[in-house]
Amino acid sequence: MAGATQIKAPDGWSSRSAFVLAAIGAAVGLGNVWRFPTIAGQNGGGAFVLFYFGCVLLIGLPLVLSEIMIGRAGRKDAVGSVQAIAKKSGVSPRWASFAWIQITAAFLILSFYSVVAGWVIYYAGVMGADLVGAIADGTPFVGALQGESVEAVQGRMTDLFANVPLLLGMHLIFMGLTYAIVAQGVGDGIEKAALYLMPAFFVLLVGITLYGATVGNLDATFAFLFTPDFSRLTPVAMNEALGQALFSMSLGSAALMTYGAYVDKGTKLAPTAGMIAIADTAVALLAGLMIFPIVFAVGLDPAAGPTLVFQSLPVAFQQMPGGSLIGFLFFILIFFAALTSSISLLEGPTSWAVNELGWSRPVGAAIIAGAAFLVGIACLLSFNYWSEVRLFSFWPIFEDAIIFDVVDGFTGKVMLPLAAFLVAIFVGWRADRRLVQHETGLDGPLFALWRFLVAWLCPIAVGLILLFGLFPSLLV
Ligand code: PFF
């Protein structure tokens, strides 16, 4: 019964700004503060960043509008919404398969996301304890972890990765928090969390960036982030940039479609989509401007990879005045960002379980979070017991990837672009044009431009990037 599965109005966003805040909360996360600086660093900075901006503007933004629009037009979970639009448009309900890809991607991303967020909790604890110690000693303005050698500071990450019970505990705490918020519902849980956490996040981000700018090396940062070396822009790097743009804006993983379903009919979607894309990209850039000056100031390697934030930065915090306070606030900032994103990752599959399977919200959220916790364990063990396991060794780009990197890489480089491709084809070609136009609220040349980007540029660009990124040998 279609009516019975409709999302009930009382549990929607209380206002447009609540939706914008929650959607920005979904978008801004580990992807901005951890993954973007990491892969921009690994791919040589400038040219990658420029290509990334292109992906955001020409592919990401039109798709953000498309996905929110699908949710608001369908007003159900991701699968139900696509089916509803397909029905109204007279096309096959099998188009909902891309919503399935999205829900599965959200589930898989949640599993490894919680593992990384667990590291964040650990480091926030380390820095917090250090700060308390420094205050007790009457030396709150010295660097963090005084008295530890650089090797010992860096070794904390190696020690953490070898400590399976600790890793499991942190993963459990984070997944538990995510669950607790989603189980409360949209208004009382998700919206409230965003309302408190996002403003705190922005204050911390601006504060630490300004502090980093005064004590760090800005010249080297600007040279690194804004001097393009196009020889570094390989098809594999482009594929990574596209995957990152999609990941960062929470595209292809059911979050925006699901959040869109709770938006009331009066809200104008196009400016809202613009705000989400702009805020997300600005935060990624600011995160680069927050992290690299500190990295360069103490002569660390910007291409350190995933350990950049966890292994390199603590060394920098050790050498900067007020390092334990800044370090503590830095990890709290990442934690807030991660939590508002992980709730959106859990909400997509939960909304599906509630609406399509008829489960209660607390039960649905518990089962999905529990299952993601288990998959996360496999990711977590790939840093210790299963470090030799190579699940996708048959595929050259994943040849040497541990389980964590396979789940991360397969979702980011395959599932999200594939989902984005199908969303573009569906919205650009199959969905009823009048329905789409009415729902987006766009008209005239703006609608024509948006539709051109969705119908033509997105599928072609995403298709090509997907093909050559996944099979670089096709180019030779
Ligand atoms: N956008 C989030 C980040 O940048 O960390 C990650 C994410 C959240 C991806 C929600 C997908 C999603 F549905």
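Just so we're clear, the structure is a prediction, and the values are computed from it rather than from any experiment. We count ligands from 1, going down the list as the structure has it; atoms in each ligand are counted the same way.
- Ser89 and Arg430 form no side-chain donor-acceptor contact under 3.5 Å, judged by distance and modelled atom types alone.
- Crowding of Phe226 atom CZ: a count of heavy atoms from other residues, nucleotides or ligands under 6.0 Å exceeding 12.
- Using a 4.0 Å cut-off to heavy atoms of Ala27, the atoms of ligand 1 that qualify are 1 (N), 2 (C), 3 (C), 4 (O).
- A centroid separation of 6.0 Å or more is found between the aromatic rings of Trp352 and Trp359.
- Considering both main-chain and side-chain atoms, Tyr113 comes within under 3.5 Å of ligand 1 through a nitrogen or oxygen pair.
- Under a 4.0 Å criterion applied to the non-hydrogen atoms of Ala255, ligand 1 contributes the atoms 13 (F).
- With ligand atoms numbered from 1 in the order given, ligand 1 contributes 3 (C), 4 (O), 5 (O) to contacts under 4.0 Å with heavy atoms of Gly31.
- Of all the heavy atoms of Ser344, the ones lying under 4.0 Å from any atom of ligand 1 belong exclusively to the side chain.
- Those atoms of ligand 1 that come under 4.0 Å of a heavy atom in Asn32, given as number and element, are 4 (O).
- Between Tyr262 and Phe19, the distance from one ring center to the other does not fall under 6.0 angstrom.
- The pair Arg72-Glu67 does not count as a salt bridge, with every side-chain nitrogen at least 4.0 angstrom from each carboxylate oxygen.
- Nearest-heavy-atom check against atom 12 (C) of ligand 1 across Thr411, Leu345, Ile103 picks out Leu345.
- Within ligand 1, counting atoms from 1 as listed, the ones closer than 4.0 Å to a heavy atom of Gly29 are 3 (C), 4 (O), 5 (O).
- At a heavy-atom distance under 4.0 Å, atoms from both the backbone and the side chain of Phe247 approach ligand 1.
- At a threshold of 4.0 Å, the pair Glu240-Arg35 does not count as salt-bridged, since none of the basic side-chain nitrogens sits closer than that to a carboxylate oxygen.
- Atoms CG and CE, from Leu63 and Met69 in turn, are 10.5 Å apart once rounded to the nearest 0.5 Å.
- Between the side chain of Asp280 and the backbone N or O of Ile276, no donor-acceptor pair lies under 3.5 Å.
- In this structure, Ala26 is part of the shell of residues with a heavy atom less than 4.0 angstrom from ligand 1.
- Residue contacts with ligand 1: Asp280 is placed with no nitrogen or oxygen under 3.5 Å of a nitrogen or oxygen of the ligand (distance criterion only).
- If you number the atoms of ligand 1 from 1 as listed, the ones under 4.0 Å from a heavy atom of Leu30 come out as 5 (O).
- Of all protein heavy atoms, the one lying nearest to atom 13 (F) of ligand 1 is Ser253 OG, 3.0 Å.
- Checked against the 6.0 Å centroid criterion, the rings of Phe404 and Phe112 qualify as a close aromatic pair.
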